[in-house]
> 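This structure is in structure tokens; I'll ask about it shortly.
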Amino acid sequence: MPPPRLAVRALILHQGRLLIVNAWPDGKSDLWCAPGGGAERGASLPDNLKREIHEECGLEIAVGAPCLVNEFHDPNSSFHQVDIYFHATITGGQLDPAWRDPEGVVTTRRFVTEDELRTLRFKPDSLPELAFGEG
């Protein structure tokens, strides 16, 4: 069985809205999450996160403090992933509908309010409290 996959994700609040992505090629699912992806060996977690956010969203970010470690594993398959979430702020770029993820995974990205987020299907379940809560 392979070791768990390590991934990094960014909680980016901009003008009171959270950046979320649909990380299913061609919108095959209605599941939304914070942007990010797999950590590559040889680069720090913040550097991996900066690369992932640029690939998926065309944005430059400053990476802040980690705020969540989330584990997902499917006992019926070999999928096992540990996500480390970081607070982050935009330092350059803007969302552009014409932007294309070079890996073709993220096809939709958007900013949402807390109320809008709660009308969507998202993971992890704690995302609204994590992004918009006091802590």
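All residue numbers in this chain count up from 1 along the given sequence.
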> Calculate, to the nearest 0.5 Å, the distance between atoms NE2 and CD1 belonging to H87 and I61 respectively.
12.5 Å

> Side chains of E103 and E55, heavy atoms from C-beta outward: is any pair under 4.5 Å?
yes

> Is there side-chain contact between I20 and L120, with heavy atoms separated by less than 4.5 Å?
yes

> State, yes or no, whether a side-chain contact exists between L13 and L11 at a heavy-atom distance under 4.5 Å.
no

> Rounded at 0.5 Å granularity, tell me how far NE2 in H54 sits from CD in E60.
4.5 Å

> Linking I/L/V/M/F/W/Y whenever their side-chain heavy atoms sit closer than 4.5 Å, directly or via other members, would V112 and L130 fall into one cluster?
yes

> Got a donor-acceptor contact below 3.5 angstrom from the N48 side chain to the A39 backbone?
no

> Taking all atoms of both residues into account, what is the closest heavy-atom pair of A88 and A10, and its distance?
CB-CB, 4.1 Å

> Look only at the side chain of N70 and the backbone of D83, and say whether a donor-acceptor pair between them is shorter than 3.5 Å.
no

> Walk me through whether V21 and C57 qualify under side chain to side chain contact (heavy atoms under 4.5 Å, CB included).
CA-CA 9 Å; V21 298; C57 303; 4.0 Å; yes

> Is there a side chain to side chain contact (heavy atoms under 4.5 Å, CB included) between L18 and L127 once you walk through the steps?
CA-CA 10 Å; L18 177 68; L127 191 56; 4.0 Å; yes

> To the nearest 0.5 Å, what is the distance between CD1 (I84) and CG (L49)?
10.5 Å

> Output yes when a side-chain donor or acceptor of E114 lies under 3.5 Å from a complementary backbone atom of P128, and no otherwise.
no

> Counting C-beta onward and ignoring hydrogens, is there a side-chain heavy-atom pair between L68 and P124 closer than 4.5 Å?
yes

> Any ion pair linking E71 and K123 (charged N to carboxylate O, less than 4.0 Å)?
no

> With a 4.5 Å limit on heavy-atom distance, are the side chains of L117 and F122 in contact?
yes

> Determine the minimum heavy-atom distance between P97 and R100, stating which atoms define it.
O-NH1, 3.1 Å

> Tell me whether R109 contacts the main-chain N or O of L95 through its side chain, where contact means a donor paired with an acceptor under 3.5 Å.
no

> Please determine whether side chain to side chain contact (heavy atoms under 4.5 Å, CB included) holds for the pair I53 and I12, giving the CA-CA distance in whole Å, both sets of side-chain angles, and the decisive distance to 0.1 Å.
CA-CA 10 Å; I53 298 306; I12 300 172; 4.3 Å; yes

> Does V69 reach the side chain of V82, with side-chain heavy atoms less than 4.5 Å apart?
yes

> With side chain to side chain contact (heavy atoms under 4.5 Å, CB included) as the test, would you mind laying out the steps for L45 and L6 before giving the verdict?
CA-CA 10 Å; L45 295 178; L6 180 62; 3.8 Å; yes

> For residues R17 and T113, determine if any side-chain heavy atom of one lies less than 4.5 Å from a side-chain heavy atom of the other.
yes

> Using a strict 4.0 Å threshold on nitrogen-to-oxygen distance, state whether E40 and R51 make a salt bridge.
yes

> Looking only at heavy atoms, which two atoms of Q81 and A7 are closest? And how far apart?
NE2-CB, 3.7 Å

> With distance as the sole test, does N22 use its side chain to make a donor-acceptor pair with the main-chain N or O of S29 at under 3.5 Å?
yes

> What distance do R121 atom CZ and W32 atom CH2 have between them, rounded to the nearest 0.5 Å?
12.0 Å

> Please report the interatomic distance CG(L59) to CG(D96), rounded to the nearest 0.5 Å.
10.0 Å

> Do C33 and R9 have side chains that approach each other closer than 4.5 Å (heavy atoms only, starting at C-beta)?
yes

